[in-house]
Asks: 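First, the structure itself, so that you have it in front of you.
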Amino acid sequence: MWKFVFIWCAILVVCCNGLLSYAFNEAVKNYLYQINVGPPDRYGQYGYSNKFNARKPTLQQYDFIIVGSGPAGCVLANRLSEQSRWKVLLLEAGEPETFLHKIPLFAAFFQSTASNWGYVAERNDGFCWGMDDQKCGFPRGKSLGGTSSINYMIYNRGNPRDFNRWVEAGNYGWSYEEVLPYFLKSEGANLRGKENSPYHNHTGPLSVEDVPYKSKLVRGFVKGSKQMGHKEIDYNGETQVGVSYAQANTFHGRRESAASAFIEPILHSRRNLNVVTSARVTKVLINPKTKTAYGVEYVKNKRKYQVFCEKEVILSAGSFNSPQLLMLSGIGIKEQLNRINVSIVQELPVGRNMYDHISHFGPTFTVNTTGQSLNANQIQIPQVKQFLNGHGIMTTIGGVEALNLIKTKNSKEPMDFPDIELIFVPGSVASDQGSGLRKGLRMTEALYEQVYKPLDGIDHWSVMVMLFHPKSKGYLELKDNNPFHWPRFYPNYFDDEDDVETILEGIKETIRIANSPAMQKLGTKIYDVPLPNCRDLIFGTDDYWRCSIRTLSCTLHHQVGTCKMGPVGDPTAVVDPELRVHGVNRLRVVDVSIVPNPTTSHTAATSYMIGEKASDMIKATWETHRS
Ligand SMILES: Cc1cc2nc3c(=O)[nH]c(=O)nc-3n(C[C@H](O)[C@H](O)[C@H](O)COP(=O)(O)OP(=O)(O)OC[C@H]3O[C@@H](n4cnc5c(N)ncnc54)[C@H](O)[C@@H]3O)c2cc1C
Ligand SMILES: *[C@@H]1O[C@H](CO)[C@@H](O)[C@H](O)[C@H]1NC(C)=O
Ligand SMILES: *[C@@H]1O[C@H](CO)[C@@H](O)[C@H](O)[C@H]1NC(C)=O
Ligand SMILES: *[C@@H]1O[C@H](CO)[C@@H](O)[C@H](O)[C@H]1NC(C)=O
């Protein structure tokens with residue numbers, strides 16, 4: 001019993017303060033490890049320990065060095081170390097996950113912890129008006145598991161056209177037909193009604209589940225969507241236009257991260273794999289004459305080290321840090337590198353072409369139910385017990401319950417290619433009393449107090465309206481050559497007015513669904529307290545929503561394209577279709593930064609797929625060599 005009480009207190013602290021201090025995190029981690037709390041995880045281990053931390057690379061030289069342990073990096077570490085004569089080193093700047101990371105409901109809180117790099121985008125007059133200093137947060141995972149340790153766990157692959165267009169641009173090998181087997185290779189699905197679907201594998205290492213908990217409100221939303229003419233679909237199946245409950249990367253209701261799926265199961269058995277956490281890579285070592293990568297420089301415990309490789313350095317540090325490391329190593333735009341005093345090794349457009357899925361937080365609606373919205377105050381001992389047994393409200397993935405992928409009238413694309421996703425949440429930033437989610441968004445206190453605080457304790461729901469194929473794109477660049485300084489991010493959302501108009505169509509469709517019989521039965525009414533800065537406009541008019549879109553702008557964190565893939569001769573490309581950095585030997589980038597155009601999906605599944613496909617390409621390269 002006292003174990004439950006302890007966890008309950010821990011959870012209370014999280015809910016009340018919103019901010020998990022680093023010390024608290026450590027204390028909980030060590031404590032939980034000591035008492036071996038809860039049922040063991042899927043591999044019969046208690047995986048929340050310091051077991052990686054003390055380690056240093058045991059060798060001076062490896063076959064492969066992988067930088068970053070997100071979805072792509074963890075898959076690579078697993079697949080390359082299948083070859084027992086290859087020695088593989090995985091370097092990760094963050095630390096292993098704790099028990100709290102495993103709780104899907106708390107996803108948003110991790111943006112306030114050391115598991116987030118904590119980046120913030122530059123200010124721009126066109127967006128994020130409702131955020132502190134008009135700057136939006138750019139969270140990114142810093143953990144063994146990468147961003148999959150702090151993300152919302154939605155498992156979503158995309159539309160066949162996404163990949164077929166990559167091929168049309170000269171990226172051989174990436175058609176939907178060719179990448180589907182790599183999605184399937186990872187997947188271990190446990191999805192009701194999809195047991196015989198050719199689009200799902202049931203025995204791969206990455207668990208994909210239905211979310212065990214469903215609110216009354218989401219049932220209304222799915223039913224209401226169907227009443228308004230949307231089909232119910234498997235968005236990872238044959239067609240992508242329609243509504244669906246979320247498919248989640250969880251296992252028995254606990255977060256399934258890249259680390260729990262691909263590293264934990266092999267950590268003790270693969271002696272040829274070294275995993276080192278709290279190791280921050282600062283530079284790729286490249287011979288400037290031969291333009292060949294031969295190792296990396298990294299910092300651990302405030303000391304600088306070098307480690308070398310015989311075959312390849314693979315950057316899987318994500319869409320912000322992979323380009324940062326390339327630039328620090330002399331690969332980038334000449335004028336920029338000159339400006340920051342980095343001597344140039346290879347000129348490439350690194351950091352350009354940053355696409356993202358911008359969204360609008362809302363509209364929000366009130367209902368006349370009670371206890372059906374998310375509210376952190378609902379978490380009591382019974383809910384914790386339910387969670388430990390794999391069900392209950394704490395298994396909900398940060399509140400995301402359903403997705404409705406739609407094609408608006410603004411889109412000139414084919415019928416089966418959605419341009420907007422409606423993300424259903426049974427609450428809002430008020431659901432945790434303005435702690436986790438608001439802080440992650442950087443929403444101003446004044447806006448919260450005036451608009452959202454009155455919703456605390458009242459049942460309500462919101463839709464986040466997300467743009468799949470933005471016309472606007474941004475870039476990132478380095479401030480200076482200090483590897484510990486943040487890059488600067490210029491997302492340029494809504495540079496193209498069409499992006500605002502498409503989101504506006506998504507808002508209108510959400511309101512239409514709110515007027516469906518199923519939603520009306522719940523007493524649904526639009527929440528019409530106006531945003532303070534849009535008050536001069538009449539609530540609900542197109543101009544009001546245009547103002548709202550530029551105020552409640554929030555990213556769904558799908559930044560891609562900063563090390564764009566493209567064939568030789570593509571002036572915008574950084575890596576070739578086999579993910580080798582153009583003009584540099586023995587150096588690849590394997591993560592979502594290579595994605596040339598944003599997919600019609602969230603990005604984690606794509607990153608797992610990229611890791612699987614790259615593993616096979618790398619094996620093909622080196623298995624033919626004698627080694
Ligand atoms: C809050 C949030 C919610 C999200 N929700 C979803 C969702 O529900 N569904 C979905 O599909 N996608 C979601 N995403 C996006 C998705 O998680 C990412 O796109 C995906 O994890 C990217 O994988 P990656 O392998 O490219 O890199 P990452 O997962 O970002 O991993 C990169 C790793 O490299 C490490 N690293 C970086 N620099 C260095 C260095 N110098 N030295 C050593 N290590 C380094 C980082 O610490 C990190 O662990 C979300 C993202 C965020 C931030
Ligand atoms: C399903 O996963 C298993 C285990 O990883 C793998 O052997 C099999 O090839 C996968 N099936 C498909 C269709 O990819
Ligand atoms: C680049 O080097 C020059 C000369 O050493 C120095 O004056 C300048 O401040 C440096 N710039 C940066 C951004 O480090
Ligand atoms: C909620 O509103 C609906 C529609 O107006 C109504 O039918 C229902 O009885 C109301 N429920 C409650 C609990 O007030």
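We count ligands from 1, going down the list as the structure has it; atoms in each ligand are counted the same way. Worth saying up front: this structure is predicted, and the values here are computed from it rather than measured.
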Asks: Considering only heavy atoms of P139, which atoms of ligand 1 have at least one such atom less than 4.0 Å away?
Replies: 53 (C)
Asks: Near G146, which atoms of ligand 1 are under 4.0 Å from a heavy atom of that residue?
Replies: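 Counting atoms of ligand 1 from 1, those under 4.0 Å from G146 are 29 (O), 31 (O), 48 (C), 49 (O).
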Asks: Of the protein's non-hydrogen atoms, which lies at the shortest distance from atom 17 (O) of ligand 1, and what is that distance?
Replies: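 It is N151 ND2, 3.0 Å.
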Asks: Can you list the ligand 1 atoms lying under 4.0 Å from a non-hydrogen atom of N321?
Replies: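 Counting from 1, the qualifying ligand atoms are 37 (C), 38 (N).
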Asks: Assess whether a salt bridge exists between R157 and E187, defined as any Lys/Arg side-chain N lying under 4.0 Å from an Asp/Glu carboxylate O.
Replies: yes
Asks: Only heavy atoms of E92, strictly under 4.0 Å: list the atoms of ligand 1 that pass.
Replies: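 Answer, ordered by atom number: 33 (C), 34 (O), 35 (C), 43 (C), 44 (N), 46 (C), 47 (O), 48 (C), 49 (O).
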Asks: Among protein heavy atoms, which lies nearest atom 7 (O) of ligand 4, and at what distance?
Replies: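 Answer for atom 7 (O) of ligand 4: K521 O, 4.6 Å.
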Asks: List the steps, then state whether disulfide (SG to SG under 2.5 Å) holds for C136 with C554.
Replies: CA-CA 7 Å; C136 271; C554 68; over 6 Å; no
Asks: Suppose we measure from atom 5 (O) of ligand 4 to each protein heavy atom; which comes out shortest, and what is that distance?
Replies: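 For this ligand atom, the closest protein heavy atom is Q520 O, 4.3 Å.
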Asks: Please list the nearest protein heavy atom to atom 3 (C) of ligand 2 with its residue and the distance rounded to 0.1 Å.
Replies: T203 OG1, 3.3 Å
Asks: Any salt bridge linking R79 with E612? Criterion: basic side-chain nitrogen under 4.0 Å from a carboxylate oxygen.
Replies: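 Between E612 and R79 there is a salt bridge, with a charged N closer than 4.0 Å to a carboxylate O.
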Asks: Tell me which part of S316 gets within contact of ligand 1: side chain, backbone, both or neither, using heavy atoms under 4.0 Å.
Replies: backbone
Asks: As an exercise, identify every atom of ligand 1 less than 4.0 angstrom from a heavy atom of S69.
Replies: 33 (C), 34 (O)
Asks: Does ligand 1 have any atom that is closer than 4.0 Å to a heavy atom of Q559?
Replies: no
Asks: Looking at ligand 1, does any of its N/O atoms fall within less than 3.5 Å of an N/O of I154?
Replies: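 Between I154 and ligand 1 (N or O atoms, distance only) the closest approach is under 3.5 Å.
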Asks: N/O of V592 under 3.5 Å from N/O of ligand 1, yes or no?
Replies: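 Min N/O separation from ligand 1 is below 3.5 Å for V592.
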Asks: What residue among S148, S257, S149 forms side-chain hydrogen bond (donor to acceptor under 3.5 Å, both in side chains) with S143?
Replies: S149
Asks: Please indicate whether any nitrogen or oxygen in M153 is less than 3.5 Å from any nitrogen or oxygen in ligand 1.
Replies: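 There is such a contact, yes.
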Asks: Measure from atom 11 (N) of ligand 2 to every heavy atom in N201, L206, L184 and give the option owning the shortest one.
Replies: N201
Asks: Any idea which part of A604 is under 4.0 Å from ligand 1, heavy-atom wise: side chain, backbone, both or neither?
Replies: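 Contact part for A604 vs ligand 1: both backbone and side chain.
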Asks: Could you tell me whether ligand 1 has any atom less than 4.0 Å away from a heavy atom of A279?
Replies: yes
Asks: Could you tell me whether K619 and E82 have a side-chain N and a carboxylate O separated by less than 4.0 Å?
Replies: yes
Asks: Pull out every atom of ligand 1 sitting under 4.0 Å from any heavy atom of A72, numbered as shown with elements.
Replies: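 Close to A72: 25 (O).
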Asks: Please tell me whether F365 and W461 form a close aromatic pair, meaning their ring centres lie under 6.0 Å apart.
Replies: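 Aromatic pair counts; centres sit under 6.0 Å.
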Asks: Apply ring pair (Phe, Tyr, Trp, His ring centres under 6.0 Å) to residues F110 and H101 and explain how you reach the verdict.
Replies: CA-CA 8 Å; F110 288 93; H101 288 82; 4.3 Å; yes
Asks: What protein heavy atom is closest to atom 13 (C) of ligand 4, reported as residue, atom name and distance in Å?
Replies: N368 O, 4.0 Å
Asks: What part of P483, side chain from CB on, backbone N/CA/C/O, both or neither, has a heavy atom under 4.0 Å from ligand 1?
Replies: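 Near ligand 1, P483 shows nothing, with every heavy atom at 4.0 Å or more.
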Asks: Give the atom numbers and elements of ligand 1 that come within less than 4.0 Å of a heavy atom of R140.
Replies: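 Answer for ligand 1: 30 (O).
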Asks: Can K304 be said to sit on top of Y298's aromatic six-ring, NZ or CZ under 6.0 Å from centre and within 45° of the ring axis?
Replies: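 Pair K304/Y298 does not count as cation-pi.
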Asks: Starting from atom 28 (P) of ligand 1, find the nearest protein heavy-atom neighbour and note its residue, name and distance.
Replies: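 Checked against all protein heavy atoms, atom 28 (P) of ligand 1 sits closest to T147 OG1, 3.4 Å.
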Asks: Between Q111 and ligand 1, which residue portion shows a heavy-atom distance shorter than 4.0 Å: side chain, backbone, both, or neither?
Replies: side chain
Asks: Just to confirm my output: which protein heavy-atom neighbour is closest to atom 48 (C) of ligand 1, and how far is it?
Replies: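 Here the nearest protein heavy atom works out to G141 O, 3.3 Å.
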Asks: Is the ring centre of H357 less than 6.0 Å from the ring centre of F468?
Replies: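 Yes, close enough.
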Asks: Report yes or no: does W117 have a heavy atom closer than 4.0 Å to ligand 1?
Replies: yes
Asks: Specify side chain, backbone, both or neither for S143, according to which of its non-hydrogen atoms lie closer than 4.0 Å to ligand 1.
Replies: backbone
Asks: At the 4.0 Å heavy-atom cut-off, does G73 count as touching ligand 1?
Replies: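 Outside the 4.0 Å threshold, so no.
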Asks: What atoms in ligand 1 come closer than 4.0 Å to a heavy atom of Y152?
Replies: 3 (C), 4 (C), 5 (N), 6 (C), 7 (C), 8 (O)
Asks: Establish, for the pair K479 and W486, whether the NZ or CZ atom is under 6.0 angstrom from the six-membered ring centre and no further than 45 degrees off its axis.
Replies: no
Asks: Counting from 1, what ligand 4 atoms have a heavy atom of G523 closer than 4.0 Å?
Replies: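 So the atoms of ligand 4 that pass are 2 (O).
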Asks: If you have a sec, work out which protein heavy atom is nearest atom 40 (C) of ligand 1 and how many Å separate them, to one decimal?
Replies: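 Closest protein heavy atom to atom 40 (C) of ligand 1: V281 N, 3.7 Å.
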Asks: Among all the protein's non-hydrogen atoms, which is closest to atom 10 (C) of ligand 1, and how far away is it?
Replies: H602 CB, 3.3 Å
Asks: On the 0 to 90° scale, with breaks at 30° and 60°, tag the Y119-F320 ring pair as parallel, tilted or perpendicular.
Replies: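 Judged by the thresholds at 30° and 60°, the geometry between Y119 and F320 is perpendicular.
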